[in-house]
Amino acid sequence: MLVVASVLSVVLLVGFLGSLLLLLRWNRRYPEPRLDWTKVDTEVVRFPKGFLWGVATSAHQVEGGCDNNNWSQWEKQSAPDGTPRISGGQNSGAACDHWNLFLEDLDLIRQTGAGAYRFSLEWSKIEPRPGRFDQAALDHYHQVLDALNDRGIVPMATLHHFTHPLWFERLGAFEKEENIPHFVRFCERVFSEYQGSVRLWCTVNEPAVFATMGYLMGIFPPGRRDPGQAAHVLRNLLLAHAKAYHALKHLPGGESASIGAVKNIFQLDPHRRWYLPDWLLARVGDAFYNEAALHYLRTGTFKFSLPGVLKLQTMELEVMGSLDFIGLNYYSHVNVKLLLNPRNPVSYAARPGDTMTDMPYAIYPEGFKRALHRVSTLGVPIYVTENGIADSRDDRRAQFIRRYLYSMYRAMEDGCDVRGYFYWTLMDNFEWAEGYDMKFGLFHTDFVTQKRTLRRGSRELSRIIREKTGSTNQSQ
Ligand code: BGC
C-alpha cells in the first residue's frame, strides 16, 4: 500500500512539474518567440497578384513650410532644463521640400517598383483658421492626386498624422472630447473634395504613440507627463476616428469608400522569464499601448486602469464596426525590466546578440508575425501602413526587408488577411524628436541640394516586389 502511494505521489509530482515546465515553455530561452535565422530560407516568400506594394510619408516630415501646427511651435521650444525639444536643436524647416518637388518624388516611387503611396493631408495648411479652408492648399493636393493617378499609383491618404493646426492645439486638441467635431468637419471637407481620387483613407495615425509620446513621456508636443491625460487622449483620438468614419460613410461616395485607422503595435515583452514584476510591468504597458485601442475597436468599451492612480471606463458603440480595414505600423518590440531605481524604474534593454537599428530598438522580425495575428482579431482586412528601419550605414536594410517580409508571408500563410505593405519611408525625412538624424529612407536625401539617391539596401525591396509577387503557389 505504502509503495503504491509513494509511486502515485512521484507520478503526480512529475506530472505537476512537467505541466509547469510546459506551461512556462522551458524549451525557450526567452519568453518571446525567436527564430534561428541561420536556418530560415527567406526566399520561399510569395505574395498574391494584386497585393498592394507601397511607400509611406507624412506631410510634416517631408513637405516643408509647416509653420502653423503643433509641431512647428514645439520645435522652437526647449525643455525647462534648456535642452532643445528636437535633437541638436533642429527644426523641420524645408524638410524634403516635397511640397514643391512632389512630381519628381512620385517618379521615385515608380523606381522602387511600388504602386501605392501613403501620405497625409496637412490640416494646418488646408484649414489655417477654424472653418476657413485655403483654396491653394486644397488645389495642391488635387495636383498630387492627379499626378499619382496619372502614374497609376494608388493613393492612401491619412487625415491626422501627429500634426494639427495651432488653433486646434490651443483649444486643447484631443484632450477634450468636445473638440472632436472640429476634426470631423475637416475630414468631411477633404473627403468631399478628394473622394473620387483616393482609394484608401486612414483617419488617425498611431493614437497610442501620439498619447504616449505627447502626454506620458513628454517627448512630443505638448510635452506632458500625466497618465490620466494620456488615457483620455488615447480614447478621444479613437473616438474621433469612429466619429469621422461614420460621418464620411454618410457622405456621397462614403458607402463604397475604404476607411480605416492606423495602429502601431510595439510588443512589451518581459525581460526575465522568472521574475514576476517584469511580467506585470509588460502586462500594464501592453494594456495601455496595445490592448486598450484594440479592445475599444472590437467591443466599443474603452478601459484602462492603473491601480491607485486612475480608472477609466467608457462605452461608445459607434467605435465598434468603425473599420473597413486596419492599418498596422510595425517596427519592433522592447524587453521591459523593472529596476530598483525610482528615478529610472524601467529598462528597455535589448537581448545580447540582438542587432540594433539606429533607433533605440532591435531588429525583431518575429514580432511582425505576432502583430499581424493580433490585429487579425479585429476581423477586417489588414494593410501594413508602415514598416522600415533607420539604418544610416545601410548595412542592415536588405536583411531587415528580407526577414520582415518573410514574417509577413508566414502570417499570411497562417490566414492573416494582409492586402498590402507600405515601406516607411520613401526618403530620409524629419524624424520628429530625432530631427534629421534617423535615416529611414529608401532614398538618401541630401538636405542641402535636395538630391535623392537610392540606397543599395533598398534594392532588396524592389527585387522582392518584382520576383515574388503574383506567383501561382499562393491563392489570389
Ligand atoms: C510614425 C512615423 C515615424 C516612424 C518611424 C511611426 O511611429 O508614424 O511618422 O517616422 O514611426 O519612427
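Note that ligands are numbered from 1 as they come in the structure, with each ligand's atoms numbered from 1 the same way.
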- Message: Against the six-membered ring of F325, is R419 placed for a cation-pi contact (under 6.0 Å from the centre, within 45° of the normal)?
- Response: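 R419 over F325 ring: no.
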- Heavy-atom distance to atom 11 (O) of ligand 1: which of E386, H60, R118, E434 wins?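 It is E386 that holds the nearest heavy atom.
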- Message: So for H161, does at least one of its heavy atoms come nearer than 4.0 angstrom to any atom of ligand 1?
- Response: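 Judged by the 4.0 Å heavy-atom criterion, H161 does count as contacting ligand 1.
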- Does ligand 1 have a heavy atom under 4.0 Å from the side chain of N205, from its backbone, from both, or from neither?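 Near ligand 1, N205 shows its side chain, while the N, CA, C and O stay back.
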- Query: Can you tell which part of E431 has a heavy atom less than 4.0 Å from ligand 1: side chain, backbone, both or neither?
  - Reply: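 The answer is the side chain of E431.
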- Quick one: pull up CD1 in I326 and NZ in K263 and give me the separation to the nearest 0.5 Å.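 Nearest 0.5 Å value for the CD1-NZ distance: 8.5 Å.
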- Item | Reference residue R455; test salt bridge (Lys or Arg N to Asp or Glu O under 4.0 Å); the match among D428, D391, D395 |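 In the set D428, D391, D395, the residue that makes a salt bridge (Lys or Arg N to Asp or Glu O under 4.0 Å) with R455 is D428.
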- Item | Parallel, tilted or perpendicular: ring planes of F368 versus Y330, cut at 30 and 60 degrees |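 Geometry flag for Y330 against F368: parallel rings.
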- For atom 4 (C) of ligand 1, closest protein heavy-atom neighbour: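 Of every protein heavy atom, Y331 OH, 3.3 Å lies nearest to atom 4 (C) of ligand 1.
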- For atom 7 (O) of ligand 1, which protein heavy atom lies nearest, and how many Å away is it?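 Ranked first by proximity to atom 7 (O) of ligand 1 is E206 OE1, 2.5 Å.
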- In ligand 1, which numbered atoms sit nearer than 4.0 Å to a non-hydrogen atom of F440?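 This gives 5 (C), 12 (O) as the contact atoms.
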- For ligand 1, is there an N or O atom under 3.5 Å from any N or O atom of Y361?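 In this structure, Y361 places no N or O atom under 3.5 Å from an N or O of ligand 1.
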- Item | Centroid separation W71 to F220 less than 6.0 Å |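 Between F220 and W71, which both carry aromatic rings, the centre distance is below 6.0 Å.
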- Query: Salt-bridged, E193 to R189, with N to O below 4.0 Å?
  - Reply: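 Salt bridge: yes.
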